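In what follows, a single structure is set out as structure tokens and then discussed.
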Amino acid sequence: QVQLVESGGGLVQAGGSLRLSCAASGRTFNYNAMGWFRQGPGKEREFVAAISWSGTRTYYADSVKGRFTISRDNAKITVYLQMNNLKPEDTAVYYCAGKVSGASLSLIKEYAYWGQGTQVTVSS
């Protein structure tokens with residue numbers, strides 16, 4: 001059984017920072033990448049950032065490029081999302097996801113495993 005557990009969300013003022021963590025357990029050796037997605041109020045879930053399991057490839061949505069950084073610790077089987085210079089439009093539930101096939105890092109349909117999400121709220 002695969003389990004992904006996010007943590008690190010919270011309330012922060014605009015311009016502030018948060019670091020999200022995603023701890024994976026179970027058959028994680030099948031993963032070829034892990035990513036972060038978010039879903040704001042009344043919006044569809046959207047891609048934020050992803051990293052290949054080897055760490056050699058990363059990919060970011062244009063809206064977060066230069067502000068967010070994804071990283072992973074394979075020994076701890078944990079993926080992180082460092083979020084700096086947060087904006088009110090970053091307010092959303094953030095989800096961690098894992099994928100086992102496909103070459104794309106951003107296609108939501110290629111991600112088979114999902115966490116429960118963690119709320120990030122950015123006040124203006």
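Numbers here are sequence positions counted from 1. Note that the coordinates shown come from a computational prediction; the quantities given were computed from them, not determined experimentally.
Going from atom OH of Y80 over to atom SG of C22 covers 10.5 Å, rounded to the nearest 0.5 Å. A distance of 9.0 Å separates OH in Y111 from CE in M34, rounded to the nearest 0.5 Å. We find the CG-SG distance between L81 and C96 to be 9.5 Å, quoted to the nearest 0.5 Å. Between the CD atom of E44 and the CD1 atom of I108 there is a distance of 8.5 Å, given to the nearest 0.5 Å. To the nearest 0.5 Å, the span separating CD on Q13 from OG on S123 amounts to 5.0 Å. Summarising the geometry, atom CD1 belonging to I70 is positioned 12.0 Å from atom CD belonging to Q82; distances are rounded to the nearest 0.5 Å.
Checking side-chain atoms of T121 against main-chain N and O of L11 turns up no donor-acceptor pair under 3.5 Å. Between the side chain of K43 and the main chain of A92, no donor-acceptor pair closer than 3.5 Å is present. Side-chain N or O atoms of R72 include none that pairs as donor or acceptor with a backbone N or O of T78 at under 3.5 Å. A donor-acceptor pair under 3.5 Å is formed between the side chain of N32 and the backbone N or O of G102. With E6 contributing its side chain and Q116 its backbone, the two residues share a donor-acceptor pair below 3.5 Å.
V100 and Y113 get closest at one heavy-atom pair: CG1-CE1, 3.8 Å. Contact detail for G16 and V12: the closest heavy-atom pair is CA-CG2, 3.8 Å. Among all heavy-atom pairs drawn from P88 and S124, the shortest one is CG-CB, 3.9 Å. Annotation for L4 and A24: closest pair CD2-CB, 3.4 Å, computed over non-hydrogen atoms.
In this structure, a donor-acceptor pair under 3.5 Å is present between the side chains of S17 and N84.
Ring geometry, Y31 versus W53: the interplanar angle exceeds 60°, so the pair is classed perpendicular (tilted spans 30 to 60°). Taking the six-membered ring where the residue is Trp, W114 and Y95 present perpendicular rings, their angle passing 60° and hence far from 30°.
Between I51 and L105 there is no side-chain heavy-atom pair separated by less than 4.5 Å. Considering only heavy atoms from C-beta on, Y94 comes within 4.5 Å of M83 through its side chain.
Evaluated for a side chain to side chain contact (heavy atoms under 4.5 Å, CB included) with R38, the options V64, V93, T91 yield exactly one hit, V64.
Using a 4.0 Å cut-off between charged side-chain N and carboxylate O, D90 and K87 make no salt bridge.
By the rule that hydrophobic residues join a cluster once side-chain heavy atoms approach within less than 4.5 Å of another member, F47 and V79 end up as members of separate clusters.
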side-chain contact (heavy atoms from CB on, under 4.5 Å) between L86 and F68, intermediate numbers included = CA-CA 9 Å; L86 282 160; F68 292 10; 3.8 Å; yes
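Around atom CD of E89, more than 12 heavy atoms belonging to other residues, nucleotides or ligands sit under 6.0 Å away.
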